[in-house]
S.K.: 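One structure follows; several queries about it will come next.
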Amino acid sequence: MQALHSVAQMQAWSRQARADGHTIGLVPTMGYLHPGHASLMARLRPQVDRLVVSIYVNPLQFAPHEDFDTYPRDEQRDLAICREQGVDAVFFPPPAGDPAGLYPPGFETRIQVPALDRGLCATSRPHFFTGVATVVYRLLRVVGCDRAVFGEKDYQQLAIIRRMVRDLDLGVEIDGAPLVREPDGLAMSSRNVYLSPADRERAVSLSRALGLMQAAVASGSLEVQPLLELGRGALDVDEIDYLEVVDKDSLEPLERIRGEARVAVAAVLGKTRLIDNRALVPGALGDAA
Ligand code: AMP
């Protein structure tokens, strides 16, 4: 497994892989890897000849008051997880402003998908998805991959990336992977490490609330307002950023469920903001997420 530390090194590696006739897959991450990330690697590994993981805490997607400087890092553990998953190359782009990085001095371009960059996380994080779309565009082009996989954990992000790749004709297959949870149901996240032991216990209320909502939908409760009240009542958090039931593709808020919908939540415990989502499927058990 190779570690690559500049855009030029990454491009040269990919050029060689292509010249050897290999297909390339990419798993973009911000590091501090956990089994959710590992599941993306395991999913993509058999689909491509060469598997690349990128590890980059992207400054464009953080607001000044957010945790860019304190985002958890553990490069040695990350490398061990990548090795275990049979990764061929790990790409560590240098920081913004470095001429060898994704954003060399003078980089000004931004990518936006306005139709999906509103509501849900976009309301409290107005620059977040522009930062995500821009870095993912850069990564897909630099790596020159055939496929990339993203987790449904970040459902709005996945929708935005799919649309960007379609609109810009990037010729990369985007695969969405199921959300991986802790045994008690908490969605795995690098940020869970921030939770105090008491907040860690309360954090399970996010997945419980979504589970209760799905159970209600499965037994025929299809009006969204009462479902939201049910969910809100089950959340044991300091602040609800949002709890919304949306169309699974357009992400538009729904008043009544007809066919499969998506419920998404963001909530704050202590200083930590957590997100979760799951399918809402009338008259069915729904997916495991
Ligand atoms: P991050 O490092 O948080 O930017 O996440 C990198 C990729 O891993 C994104 O595509 C996420 O959606 C995905 N991911 C993060 N947590 C999970 C999880 N619990 N289950 C599945 N995918 C995840």
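This is a predicted model, so every value here is computed, not measured. As the structure lists them, so they are numbered: ligands from 1, and atoms in each ligand from 1.
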S.K.: I want to confirm something. Looking only at heavy atoms, which of Leu40, Val135, Ile275, Leu186 is nearest to atom 13 (C) of ligand 1?
M.R.: Leu40
S.K.: How far is atom 10 (O) of ligand 1 from the closest protein heavy atom, and which atom is that?
M.R.: Gly151 N, 2.9 Å
S.K.: Return the orientation label for the Tyr103 and Tyr56 ring planes: parallel under 30°, perpendicular over 60°, tilted otherwise.
M.R.: tilted
S.K.: Any idea which protein heavy atom is nearest atom 6 (C) of ligand 1, and the distance to it?
M.R.: Pro28 O, 3.3 Å
S.K.: Could you list which atoms of ligand 1 come closer than 4.0 Å to a heavy atom of Leu179?
M.R.: 20 (N), 21 (C)
S.K.: With a cut-off of 4.0 Å, which atoms of ligand 1 are near a heavy atom of Phe150?
M.R.: 10 (O)
S.K.: Just by distance, do the side chain of Asp88 and the backbone of Val52 share a donor-acceptor pair under 3.5 Å?
M.R.: no
S.K.: Quick one: which of Thr109, Val132, Leu170, Val142 gives a side chain to side chain contact (heavy atoms under 4.5 Å, CB included) with Tyr137?
M.R.: Leu170
S.K.: Around atom 21 (C) of ligand 1, find the nearest protein heavy atom and jot down its residue, atom name and distance.
M.R.: Pro178 O, 3.5 Å
S.K.: I'd like to check which ligand 1 atoms, numbered from 1 as shown, lie under 4.0 Å from a non-hydrogen atom of Met188.
M.R.: 16 (N), 17 (C), 18 (C), 19 (N)
S.K.: Among all the protein's non-hydrogen atoms, which is closest to atom 23 (C) of ligand 1, and how far away is it?
M.R.: Lys153 CB, 3.8 Å
S.K.: For the pair Asp247 (side chain) and Glu252 (backbone), establish whether a donor and an acceptor sit closer than 3.5 Å, ignoring hydrogens and angles.
M.R.: no
S.K.: Measuring from atom 16 (N) of ligand 1, which candidate in Arg43, His37, Arg191, His34 has the nearest non-hydrogen atom?
M.R.: His34
S.K.: What residue and heavy atom of the protein are closest to atom 4 (O) of ligand 1, and at what distance?
M.R.: Met30 CG, 3.5 Å
S.K.: Examine Ser39 against ligand 1 and note whether any of their N/O atoms are separated by less than 3.5 Å.
M.R.: no
S.K.: Can you tell me which residue and heavy atom of the protein come closest to atom 20 (N) of ligand 1, and the distance to 0.1 Å?
M.R.: Val180 N, 2.8 Å
S.K.: Distance-only, no hydrogens or angles: does the Asp74 side chain make a donor-acceptor pair with backbone N or O of Tyr32 under 3.5 Å?
M.R.: no
S.K.: To check you understand the geometry: which heavy-atom pair defines the closest contact between Ser189 and Lys153, and what is its length?
M.R.: CB-NZ, 3.6 Å
S.K.: How close do Leu251 and Ala159 get, counting heavy atoms only, and between which atoms?
M.R.: CD1-CB, 4.1 Å
S.K.: Which of the atoms of ligand 1 are close to Asp154, meaning less than 4.0 Å from one of its heavy atoms?
M.R.: 11 (C), 12 (O)
S.K.: Counting only N and O atoms by type, is there a donor-acceptor contact under 3.5 Å from the side chain of Asn58 to the main-chain atoms of Gly131?
M.R.: yes
S.K.: Shortest non-hydrogen contact from Ala133 to Met164?
M.R.: O-SD, 3.5 Å
